[in-house]
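In what follows, chains are A, B, ... by sequence order, proteins preceding strands, each numbered from 1. Computed over heavy atoms, backbone and side chain alike; hydrogens, waters and symmetry mates excluded.
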There are 2 protein chains.
Amino acid sequence: MQSRTPVPRATGRPRSAAADAAILAATREALVELGWSKLTLGDVATRAGVAKTTLYRRWAGKNELVVDAVAELFDELRMPDRGSLAADIEGVVLQFAAILARPEARSGLMAVIAESTRDDALRERIRESIVDRQKRLVHQGRTRAQQRGELPADPDPTSRTADLIFDIVAGTVVHRTLVSAEPTDEEWARAFTSLLLLGLRGSAAP
Amino acid sequence: MQSRTPVPRATGRPRSAAADAAILAATREALVELGWSKLTLGDVATRAGVAKTTLYRRWAGKNELVVDAVAELFDELRMPDRGSLAADIEGVVLQFAAILARPEARSGLMAVIAESTRDDALRERIRESIVDRQKRLVHQGRTRAQQRGELPADPDPTSRTADLIFDIVAGTVVHRTLVSAEPTDEEWARAFTSLLLLGLRGSAAP
DNA sequence: CAGTTACGCTACGACTCGTAGCGAAAGCAG
DNA sequence: CTGCTTTCGCTACGAGTCGTAGCGTAACTG
């Protein structure tokens, strides 16, 4: 992230780090109250107690700003060792669902993804700031499960399976939460995890 | 769909059906060229050869218009009998991916989903126009597979499993295509279908 | 024919956009 | 402390979009 600062000069007045935090927080606040389409940069600037021009000096536009504001939300994802692969996956699923339950994540994330379909640079930015950063969880869970003997050693060195798992978990939770709009509770997480695990264990011996 | 026509009166000049088609086509065209955020209703009206006021008389706003424009794209989804459950699923996955490869579907669909997070009426409209209409494919595939003996009879009368399958298939394909932005080709469809089927078959006998 | 509704067109105030110019503030090197 | 540099808040601006209103005309019905 923060590829928005072109070159941190050694001289001159430094950029206020507090302003950065205030702007991103104000962006999330505005996303909650107004949603994506009615969010204006002028409004965000006012909420943050910052001049509109300051905002434009740091971000190219609405898209880039919201990506940074939303990316921070996903950094709280953790995968504590719960003893079994099933429990680990369930834990992450529920955490992910909890983040998606927050309105600033819901409208912000989907909106920037929509915009990224016409903007390759934006998509790359989303990938760096959000997607790839969380893919670590998949590797972490698999490594742990292999050490426990729950999963065979990875037969695929290109990690295509890891990408598939990530798409399934993230995609399914997002769809359940945002499109189907039904509760992503523990019962659902168990059913989903169970189905996924059966698929994973079986895929080792075709 | 077309809940936009409040009451079709018997008298007076009828609404031009050709205008409807022209407007929806123009909306998709504008989505391709401009994307969601830069799409203006004035531009759509010009492309369709229609006055801007006519457009506002039929749709409440950008959201509703794009939902209708995008919903038509998904009506072409079919599930011909390919002989096995695996082949049926693969076929639908590839068809779905083909639709999502079209830029008007990509940017339009995600954008209205993003807006729907702050607009319950819009979410309900998306559900009616797009989601529930395509859920038929899941039931169709399961019924066929049960007749072939590939799957046990549905132990769950509330069709929670069907909902889960739908979320997994639609969510995963969307995530793969729009977020991961990697090819949703036959090889990937095979791997995904294989994993899903192993989970489905196993979930009958835990 | 009269009655009713949809249509195209024009015009409007309100709002947002992104940028430019200004003087003041906050650092750093000498 | 004194210049030097960069950021900051503020104001103002033309351009573009929004959604609506008003008007005369077109299309269809009984």
S.K.: What's touching nucleotides 27-30 of chain D from the protein side, N or O pairs under 3.5 Å?
M.R.:
unit_1: D/dA27; atom_1: O4'; unit_2: B/Arg13; atom_2: NE; d: 3.3

S.K.: Take atom NZ of B/Lys52 and atom P of D/dT17, then tell me their distance rounded to the nearest Å.
M.R.: 9 Å
S.K.: Using a distance-only test with no angle check, is there a side-chain donor-acceptor pair under 3.5 angstrom linking B/Glu150 and B/Ser84?
M.R.: no
S.K.: Once you round it to whole Å, what is the distance between C1' of D/dG19 and CH2 of B/Trp59?
M.R.: 17 Å
S.K.: Just how far, in rounded Å, is P of C/dT5 from CZ of B/Arg57?
M.R.: 13 Å
S.K.: Reckon A/Thr54 has a side-chain N or O less than 4.0 Å from the OP1 or OP2 of D/dG9?
M.R.: yes
S.K.: Ignoring the backbone of B/Arg58, work out which of D/dC8, C/dA6, C/dG8 is nearest its side chain.
M.R.: C/dA6
S.K.: Look at all strands and tell whether A/Ser16 reaches a base, only sugar-phosphate, or nothing, counting heavy atoms closer than 4.0 Å.
M.R.: sugar-phosphate
S.K.: Would you mind reading off the distance between A/Leu55 atom CG and D/dG9 atom P, rounded to a whole angstrom?
M.R.: 10 Å
S.K.: Looking only at side-chain N and O atoms, does B/Gln134 offer a donor or acceptor that is under 3.5 Å from a partner on B/Arg136?
M.R.: yes
S.K.: Which ones in residues 33-47 of chain A lie close to DNA chain C, meaning a heavy atom under 4.0 Å from one of its atoms?
M.R.: A/Thr40, A/Leu41, A/Gly42
S.K.: 5'-most contact on DNA chain D: A/Ala51 or B/Tyr56, nearest heavy atom basis?
M.R.: A/Ala51
S.K.: Tell me, yes or no, whether the heavy-atom count around A/Glu186 atom CD, taken from other residues, nucleotides or ligands under 6.0 Å, exceeds 12.
M.R.: no
